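Worksheet for the structure shown next.
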Amino acid sequence: MALNNIRFIFNVTKITSFGALHQTGKRFASAAAGSYQNILADKAGEKKNVGLITLNRPKALNALCDALILELADAVQSMDKDETLGAIVITGSEKAFAAGADIKEMLNQTYSANIRSGLLERWSDIGKCKKPIIAAVNGYALGGGCELAMMCDIIYAGDKAKFGQPEIIIGTIPGAGGTQRIARSCGKSKAMEMCLSGDQITAQDAEKMGLVSKVFPADQLVAEAVKLGERISRHSPLIVQLCKESVNVAFETTLQEGLRFERKTFYATFATEDRKEGMAAFTEKRKPNFKNN
Ligand SMILES: CCCCCCC[C@H](O)CC(=O)SCCNC(=O)CCNC(=O)[C@H](O)C(C)(C)COP(=O)([O-])OP(=O)([O-])OC[C@H]1O[C@@H](n2cnc3c(N)ncnc32)[C@H](O)[C@@H]1OP(=O)([O-])[O-]
């Protein structure tokens with residue numbers, strides 16, 4: 001897939017070919033001098049240290065077509081490599097974060113084509129990002145949209161957001177993590193209820209069940225997500241990465257293994273200069289000057 005679909009409103013990275021992203025300094029740019037067609041990518045926050053990706057297919061309520069997923073995976077990968085960024089926010093419009101995978105595109109898809117395409121690997125690439133990703137969800141987050149939000153590390157929602165896994169209504173099941181991630185973060189009963197009924201839930205219910213961290217008025221949502229990204233970006237990027245990895249282990253292993261991983265990672269922070277700087281700064285009553293080292 002050529003990357004002539006890509007539009008960066010504030011260019012920061014040069015893309016020479018699909019999957020080959022090179023940082024060129026302060027701006028993202030695609031080699032095709034084209035730009036993303038289905039997303040916008042920008043730097044946000046006072047210090048421009050938060051990557052902001054906006055899903056931008058308004059006519060299809062940000063339905064996640066193949067091209068959009070490829071662009072999103074590239075933008076995330078590019079921002080992950082950009083040392084000026086400490087966190088990434090993914091958002092959509094006030095009407096829709098994303099209304100799911102593109103049903104029209106999937107309509108005539110076959111089993112064998114699914115196996116061959118490896119497209120779902122590109123979806124999971126988004127979850128491999130080492131930097132924290134905050135989903136700022138306004139409007140519909142359905143099917144793959146809800147799954148995309150759950151691939152992120154933190155979900156903030158606008159007060160009118162709606163979450164759901166309606167795949168069952170169209171004769172399929174969630175395919176990008178819905179059955180697994182809801183079960184792990186909210187328990188079996190909620191996962192079964194959402195996936196088997198296809199019902200939508202409100203932002204307030206999603207917060208109550210732990211799917212969402214906080215709910216904000218819709219028009220303040222992205223600013224609040226960026227502020228959180230800025231707070232995270234103040235910390236040592238190295239230690240933030242270790243911390244994210246450690247929390248993620250909780251979803252993949254037993255408590256004992258998780259505790260062992262955490263303890264070893266905690267010890268490992270003592271091999272970093274940033275750990276020493278953080279504690280020295282506290283003792284000397286000054287702000288730390290982290291070097292990502
Ligand atoms: C190998 C692939 C791997 C994929 C893995 C992903 C797995 C995933 O778990 C599967 C899914 O997500 S399954 C999906 C699960 N998601 C669902 O089942 C949700 C499906 N969507 C809906 O139920 C309704 O659109 C809403 C209730 C969201 C809004 O209702 P409303 O306010 O009356 O608005 P409206 O008038 O209805 O829509 C406006 C325009 O957007 C269009 N469009 C919207 N969603 C689309 C989509 N997903 N697709 C395409 N297009 C979609 C809609 O057609 C219309 O365009 P048109 O040119 O005018 O025809």
Side-chain angles (χ1 to χ4, degrees), residues 1 5 18 37-39 53-76 90-129 133 135-152 155 157-186 190-203 205-206 211-212 218 221:
M1 166 99 30
N5 286 338
F18 179 63
Q37 280 187 355
N38 300 290
I39 64 170
I53 299 173
T54 307
L55 310 183
N56 189 33
R57 263 192 101 199
K59 285 185 185 151
L61 301 183
N62 293 331
L64 303 165
C65 60
D66 295 2
L68 189 153
I69 288 298
L70 291 171
E71 291 176 7
L72 179 60
D74 270 306
V76 167
I90 300 180
T91 193
S93 67
E94 286 212 9
K95 169 121 186 171
F97 177 73
D102 192 310
I103 299 169
K104 293 167 190 168
E105 202 176 65
M106 286 189 296
L107 179 63
N108 295 314
Q109 191 78 329
T110 62
Y111 171 71
S112 48
N114 282 343
I115 304 267
R116 279 197 305 270
S117 80
L119 184 70
L120 274 171
E121 284 155 34
R122 294 304 301 195
W123 282 68
S124 39
D125 280 353
I126 296 157
K128 288 181 194 152
C129 178
I133 308 184
V137 177
N138 267 324
Y140 296 110
L142 302 180
C146 187
E147 291 169 309
L148 173 62
M150 290 190 291
M151 275 175 214
C152 298
I155 307 179
D159 52 3
K160 294 185 182 65
K162 290 275 174 67
F163 295 82
Q165 296 292 161
E167 290 87 344
I168 198 93
I169 299 169
I170 57 166
T172 184
I173 71 164
T179 61
Q180 302 303 298
R181 289 201 171 94
I182 301 174
R184 277 172 166 76
S185 63
C186 311
K190 284 289 178 197
M192 289 290 190
E193 188 182 26
M194 280 181 76
C195 296
L196 295 178
S197 70
D199 288 349
Q200 296 176 18
I201 60 166
T202 63
D205 283 344
L211 192 71
V212 158
L221 172 71

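Treat the numbers as computed from the prediction; the structure is a model and nothing was measured. In listed order, ligands and their atoms are each counted from 1. Along the sequence shown, residues carry numbers from 1.
- When the heavy-atom distances from atom 28 (C) of ligand 1 to Ile173, Leu64, Leu142 are ranked, the shortest goes to Leu142.
- The protein atom (non-hydrogen) at minimum distance from atom 40 (C) of ligand 1 is Lys59 O, 3.2 Å.
- Nearest to atom 42 (C) of ligand 1 by heavy atom, out of Pro58, Ala60, Ala96, Gly198, is Ala60.
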inquiry  = Applying side chain to side chain contact (heavy atoms under 4.5 Å, CB included) to Ile173 and Cys195, what does each step give before you reach the verdict?
reply    = CA-CA 8 Å; Ile173 71 164; Cys195 296; over 6 Å; no

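- Among protein heavy atoms, the minimum distance from atom 7 (C) of ligand 1 is reached at Gly175 N, 3.6 Å.
- No N or O atom of Ala63 sits closer than 3.5 Å to an N or O atom of ligand 1.
- For atom 23 (O) of ligand 1, the nearest protein heavy atom is 4.0 Å or more away.
- Contact check for Pro58 versus Asn56: side-chain heavy atoms found under the 4.5 Å cut-off.
- The closest donor-acceptor contact from the side chain of Asn138 to the backbone of Ser93 lies at 3.5 Å or more, if one exists at all.
- Here the heavy atom of the protein found nearest to atom 2 (C) of ligand 1 is Leu119 CD2, 4.0 Å.
- Of all protein heavy atoms, the one closest to atom 38 (O) of ligand 1 is Leu61 CD1, 3.6 Å.
- Nearest protein neighbour of atom 49 (N) of ligand 1, counting heavy atoms only, is Ile103 N, 2.9 Å.
- Formation of a donor-acceptor pair under 3.5 Å by the Glu71 side chain with backbone atoms of Asn38 is found in this model.
- Note that atom 45 (N) of ligand 1 has protein non-hydrogen atoms nearby, at separations under 4.0 angstrom.
- The shortest side-chain heavy-atom distance between Thr172 and Met106 does not fall under the 4.5 Å cut-off.
- Checked by distance only, ligand 1 and Gln200 stay at 3.5 Å or farther apart across all their nitrogen or oxygen atoms.
- Polar contact with ligand 1: present for Ala101 (N/O pair, distance under 3.5 Å).
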inquiry  = Pair Leu72, Ile53 - check side chain to side chain contact (heavy atoms under 4.5 Å, CB included), show working.
reply    = CA-CA 8 Å; Leu72 179 60; Ile53 299 173; 3.7 Å; yes

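- Within a 4.0 Å radius of atom 59 (O) of ligand 1, the protein has no heavy atom.
- Smallest separation of non-hydrogen atoms from Leu64 and Gly145: CD1-N, 3.7 Å.
- Side-chain contact between Leu55 and Leu148: present, with at least one pair of heavy atoms (C-beta onward) separated by less than 4.5 Å.
- The nearest protein heavy atom to atom 36 (O) of ligand 1 is not closer than 4.0 Å.
- Between Ala99 and ligand 1, at least one N/O pair is under 3.5 Å apart.
- For atom 8 (C) of ligand 1, the closest non-hydrogen atom on the protein side is Glu147 OE1, 3.2 Å.
- Ranked by closest heavy atom to atom 56 (O) of ligand 1, the top entry among Lys104, Met106, Gln109 is Lys104.
- Residue Pro166 places a heavy atom less than 4.0 Å from ligand 1.
- Judged purely by atom type and a 3.5 angstrom limit, Glu147 uses its side chain to pair as donor or acceptor with the backbone of Gly175.
- Ligand 1 has Lys95 within reach: a non-hydrogen atom of the residue lies less than 4.0 Å from it.
- By the 4.5 Å heavy-atom criterion applied to side chains, Leu61 and Leu142 are not counted as neighbours.
- Distances shorter than 4.0 angstrom do not occur between any heavy atom of Ser117 and any atom of ligand 1.
- Within the 4.5 Å cutoff, the side chain of Phe97 has heavy atoms near those of the Ile90 side chain.
- Remark: atom 54 (O) of ligand 1 lies closer than 4.0 Å to at least one protein heavy atom.
- The shortest N or O to N or O distance between Glu167 and ligand 1 is under 3.5 Å.
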